[in-house]
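Just below is one structure, and these are the notes that go with it.
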Amino acid sequence: MAETRRKPWLEAAHVAANVALVALFLFPLAWMILGAFKSQADLLSPSPVWFFTPTLEHWHFIFDNWNVEKHLVNSIIVSVATTILTLALALPAAYGLARFPVKGKDAITFEILSLKMIPPIAAVVPLFILARQVGLYNTLAVLILLNTAFQLPFAILVLKSFVEEIPREIDEAATVDGCRPFSVLWRAILPLSVPGLICCAVFVFIFSWNEFMIANTLVGGDLRPLPPIVGLALTHRGILWGPALALGVVVLLPVFALTFSLSRYMARGLTFGAVKG
């Protein structure tokens, strides 16, 4: 009986803790969105202003002075191209590691994982020199290639786990039907890997979209993607908080739109293979 009486209180405490945790994580996001519509006086007020008259002055400023639409297109081109190229290279590699008896497979997997441990800031100077020597400096191609190189280890390891959960009997059945290894990958493995591909694509897109260091070093002018543009908010007169917050909202919108539109596929992809038979 005592246990039954305590149960509603425990459930209420559990719900309250979850609500508080979600509110804690959402508060900075809500503050940024509200700040993007506040006037400069409200933003610089000593005490927080919760009730205010919305204004679009910061939005007009970033689109009129920072050419946000050009940099938004650059970010979309780089992120989409990086995602497509990464998945096109990662799936065959993951299929090979998951299905074929490759000598030293564990060592190869570890080497692939170790590439993800290299921080971009440690390699940005050699990459800058290399880009200048091969003629790729200040081009979108260098961002696509380098983002692919940095995201490829993650994509290979994620897709390898998805391919391993697909029964080998499917490969054998396709082989009996006359399919060669590439045909097995294209006709049998690829359709069954769609949830994993979508889940992996979302993460690769987000990582590429948020890349700052490489984009800020190897590309300049109108070819820069969105994240480095936030540096324009640092002026000799101080920080332009309003335009910076409005730009932050612009950067977040495509990511939120992509995530919510593919949420049902992501849920399936994240849980795929969680229970082994």
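Side-chain atoms are counted along with the backbone in the values below, which use heavy atoms only and exclude waters and symmetry mates.
Among residues two or more places apart in sequence or in another chain, the ring pair (Phe, Tyr, Trp, His ring centres under 6.0 Å) test is passed with Phe128 by Tyr137. Partners of Lys38 according to the side chain to side chain donor-acceptor pair (under 3.5 Å) rule, which considers only residues two or more places apart in sequence or in another chain, do not exist here. Under the side-chain contact (heavy atoms from CB on, under 4.5 Å) criterion, Leu223 pairs with Asn138, Leu140, Val219, sequence neighbours left out. Listed by chain and number, the residues in a ring pair (Phe, Tyr, Trp, His ring centres under 6.0 Å) with Phe61 are Trp66 (sequence neighbours excluded). In this structure, Phe150 has no ring pair (Phe, Tyr, Trp, His ring centres under 6.0 Å) partners at least two apart in sequence or on a different chain.
Between Leu34 and Phe52 there is a side-chain heavy-atom pair separated by less than 4.5 Å. At least one side-chain heavy atom of Ser75 sits less than 4.5 Å from a side-chain heavy atom of Pro227. In this structure, the side chains of His58 and Gln40 come closer than 4.5 Å at one or more pairs of heavy atoms. Counting heavy atoms from C-beta outward, Ile166 and Phe162 have side chains that stay 4.5 Å or more apart. Looking at heavy atoms from C-beta onward, Leu85 lies out of side-chain contact with Asn147 at the 4.5 angstrom threshold.
Linking Ile, Leu, Val, Met, Phe, Trp and Tyr residues whenever their side-chain heavy atoms come within less than 4.5 Å leaves Val22 and Leu24 in two separate clusters. Note: the hydrophobic cluster containing Val176 does not contain Val184 (ILVMFWY, side chain heavy atoms under 4.5 Å, direct or indirect links).
In summary, the aromatic rings of Phe207 and Phe154 are positioned with their centroids under 6.0 Å apart.
Taking CG of Leu218 as the start and CZ of Arg224 as the end, the distance is 13.0 Å to the nearest 0.5 Å. Interatomic distance, CG of Asn210 versus CZ of Phe205, reported as 9.5 Å (0.5 Å rounding). Distance check, rounded to the nearest 0.5 Å: CG of Leu152 to CG of Leu159 gives 9.5 Å. Atoms CD1 and CD, on Ile206 and Gln151 in that order, are 11.0 Å from each other to the nearest 0.5 Å. Here CD1 of Ile112 is found 5.0 Å from CG of Leu97. Values are rounded to the nearest 0.5 Å. Taken to the nearest 0.5 Å, the CZ atom of Arg132 stands 12.0 Å off from the CG atom of Leu130.
Looking at Lys160 and Glu164, a side-chain N of the basic residue comes within less than 4.0 Å of a carboxylate O on the acidic one, giving a salt bridge.
Identified under the ring pair (Phe, Tyr, Trp, His ring centres under 6.0 Å) test for residues 81-112, with sequence neighbours left out: Tyr95-Phe100. The ring pair (Phe, Tyr, Trp, His ring centres under 6.0 Å) pairs that include a residue from residues 165-198 number zero, where partners must be two or more places apart or lie in different chains. Within the structure, no pair that satisfies the salt bridge (charged side-chain N to carboxylate O under 4.0 Å, His left out) test touches residues 185-210, not counting sequence neighbours.
Heavy-atom minimum distance, Leu87 versus Cys200: CD2-SG, 3.9 Å. For Ala141 against Leu136, the heavy-atom pair with the smallest separation is CB-CD2, 4.4 Å. Nearest heavy-atom pair, Val142 versus Ala131, reported as atom, atom and distance to 0.1 Å: CG2-CB, 4.0 Å. Looking at every heavy atom in both residues, Ile144 comes nearest to Thr148 through O-OG1, 2.7 Å. Nearest heavy atom pair, residue Ala188 against residue Pro191, reads O-CD, 3.5 Å. Contact detail for Cys179 and Ser183: the closest heavy-atom pair is CB-CB, 3.7 Å.
Under the 3.5 Å distance criterion, the side-chain polar atoms of Asn216 are left unmatched by any main-chain donor or acceptor of Phe212. One N or O on the side chain of Ser261 and one on the backbone of Leu258 form a donor-acceptor pair closer than 3.5 Å. Not one N or O on the side chain of Ser79 forms a donor-acceptor pair closer than 3.5 Å with the backbone of Ile76. Side chain of Arg99 to main chain of Val163: a donor-acceptor pair is present (N/O by atom type, distance under 3.5 Å, no hydrogens or angles).
Annotation: Ile121, atom CD1; neighbour count of heavy atoms from other residues, nucleotides and ligands within 6.0 Å does not exceed 12.
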Given the rule in the side chain to side chain contact (heavy atoms under 4.5 Å, CB included) test, do Thr217 and Met213 qualify, once you have shown the distances and angles that lead to the verdict? CA-CA 6 Å; Thr217 305; Met213 182 61 63; 4.1 Å; yes
May I have the step-by-step check of side chain to side chain contact (heavy atoms under 4.5 Å, CB included) for Trp209 and Leu226, ending in yes or no? CA-CA 8 Å; Trp209 184 272; Leu226 271 181; 4.1 Å; yes
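Between the side chains of His71 and Asn67, no donor-acceptor pair of N or O atoms lies under 3.5 Å. Looking at Ser39 and Asp42, their side chains do bring a donor and an acceptor atom within 3.5 Å of each other.
Under a 4.5 Å side-chain heavy-atom criterion applied to ILVMFWY residues, the cluster that includes Phe25 comprises Leu21 as well. Through direct or relayed side-chain contacts under 4.5 Å between Ile, Leu, Val, Met, Phe, Trp and Tyr, Val15 connects to Val19. Through direct or relayed side-chain contacts under 4.5 Å between Ile, Leu, Val, Met, Phe, Trp and Tyr, Trp31 connects to Phe27, Trp50, Phe51.
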Show which side-chain atoms of residues 231-255 pair as donor or acceptor with protein atoms under 3.5 Å away, not counting sequence neighbours.
unit_1: Thr235; atom_1: OG1; unit_2: Arg237; atom_2: N; d: 3.4
unit_1: Thr235; atom_1: OG1; unit_2: Gly238; atom_2: N; d: 3.4
unit_1: Thr235; atom_1: OG1; unit_2: Gly238; atom_2: O; d: 2.6

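Between Trp59 and Phe63, the angle of the ring planes stays under 30°, which puts this pair in the parallel group of the 30/60° scheme.
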